[in-house]
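First comes the structure, then the notes that go with it.
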Amino acid sequence: MSDTPQIPESADEDQLPEGARHVARLLAGMGHDQPIVLLPATGKTSAEAAAGLGCEVAQIAKSIIFRRAADDTPVLVIASGINRVDEKKVAAQVGELARADARFVKEKTGYSIGGVSPIGHVVSPVTLIDEDLLKLASLWAAAGHPHAVFNLTPQQLVAMTGAPVVDVALRG
């Protein structure tokens, strides 16, 4: 697979599910010029999203929500699709973690699992970006719905979130 995928057609904003419309409005407000793309099949996993986009799994910037145990603050880790997140590394950055169930994710982000965007959360999360994403030229992130994604560069991701870039990957 190449770094220039054969992407599905972009959707007009009025064709988008509500969560994706929210993300589209936020992106437009930021001056982001890449459209929201609706995948023909679900993008709930990095492999499914990559297959639908024709890109490498590493290019999927997956958003994983944890719950900080001390205060129930949402913790967003944006990781490369090929990496498993090392919860000990994340905890060393933000404090002890606890499980974030589907209800917590929806309540704190406004998005369902599989469609969590890196931007536009109901409650501003503590956010960390996987340093491995900065090795890539192009990324794809969820856009508020399991079928919706948008393209961006690692530098745009850092600018949009204001998050630190750290080592979060589980190394074997």
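Below, all heavy atoms of this structure are taken into account, side chains as well, without hydrogens, waters or symmetry copies. It should be emphasised that the depicted structure is a prediction, and the values quoted were computed from it without experimental measurement.
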Contact summary for [X] and [Y], nearest pair of heavy atoms:
| X | Y | result |
| --- | --- | --- |
| Ala20 | Ala148 | CB-CB, 3.8 Å |
| Pro154 | Leu136 | CG-O, 3.0 Å |
| Ala143 | Phe150 | CB-CD2, 3.8 Å |
| Thr153 | Ala137 | CG2-O, 3.8 Å |
| Cys55 | Gln59 | CB-OE1, 3.3 Å |
| Val165 | Glu131 | CG1-CA, 3.4 Å |

Do [X] and [Y] share a hydrophobic cluster (ILVMFWY, side-chain heavy atoms under 4.5 Å, transitive)?
| X | Y | value |
| --- | --- | --- |
| Val75 | Ile129 | no |
| Ile64 | Val126 | yes |
| Val168 | Ile65 | no |
| Leu157 | Val166 | no |
| Val123 | Val90 | no |

Atom [atom1] of [X] and atom [atom2] of [Y]: how far apart are they, to the nearest 0.5 Å?
| X | Y | atom1 | atom2 | answer |
| --- | --- | --- | --- | --- |
| Ile60 | Glu48 | CD1 | CD | 11.0 Å |
| Leu97 | Lys88 | CG | NZ | 12.0 Å |
| Ser138 | Gln156 | OG | CD | 9.0 Å |
| Leu133 | Lys62 | CG | NZ | 10.0 Å |
| Leu128 | Thr161 | CG | OG1 | 9.5 Å |
| Met160 | Leu27 | CE | CG | 5.0 Å |

Backbone N or O of [Y] within a donor-acceptor pair of the [X] side chain at under 3.5 Å?
| X | Y | value |
| --- | --- | --- |
| Lys108 | Pro125 | no |
| His121 | Gly110 | no |
| His32 | Ala24 | no |
| His147 | Leu39 | yes |

Centroid-centroid under 6.0 Å between Tyr111 and His145 rings: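 Ring-ring flag for Tyr111/His145: false, centres at least 6.0 Å apart.
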
More than 12 heavy atoms from other groups under 6.0 Å of CZ on Arg171: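 Correct, the count exceeds 12.
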
Flag if over 12 foreign heavy atoms under 6.0 Å of CD, Glu96: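 No, because the 6.0 Å sphere around CD of Glu96 holds 12 heavy atoms or fewer from other groups.
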
Side-chain contact test, heavy atoms from C-beta onward, threshold under 4.5 Å: evaluate it for [X] versus [Y] and give yes or no.
| X | Y | result |
| --- | --- | --- |
| Val94 | Phe66 | no |
| Val158 | Gln155 | no |
| Leu38 | Pro17 | yes |

Scan the side chains in residues 76-85 for donor-acceptor partners under 3.5 Å anywhere in the protein, sequence neighbours excluded, and list what turns up.
{"residue": "Ser80", "atom": "OG", "partner": "Ala58", "partner atom": "O", "Å": "2.9"}
{"residue": "Asn83", "atom": "ND2", "partner": "Asp130", "partner atom": "OD2", "Å": "2.7"}
{"residue": "Asn83", "atom": "ND2", "partner": "Asp132", "partner atom": "OD2", "Å": "2.7"}

Evaluation steps, side chain to side chain contact (heavy atoms under 4.5 Å, CB included), between Val23 and Ile36: CA-CA 8 Å; Val23 173; Ile36 302 283; 4.0 Å; yes

Glu87 and Arg67: CA distance, side-chain angles, deciding distance, salt bridge (charged side-chain N to carboxylate O under 4.0 Å, His left out) verdict: CA-CA 11 Å; Glu87 292 182 34; Arg67 182 170 57 88; over 6 Å; no

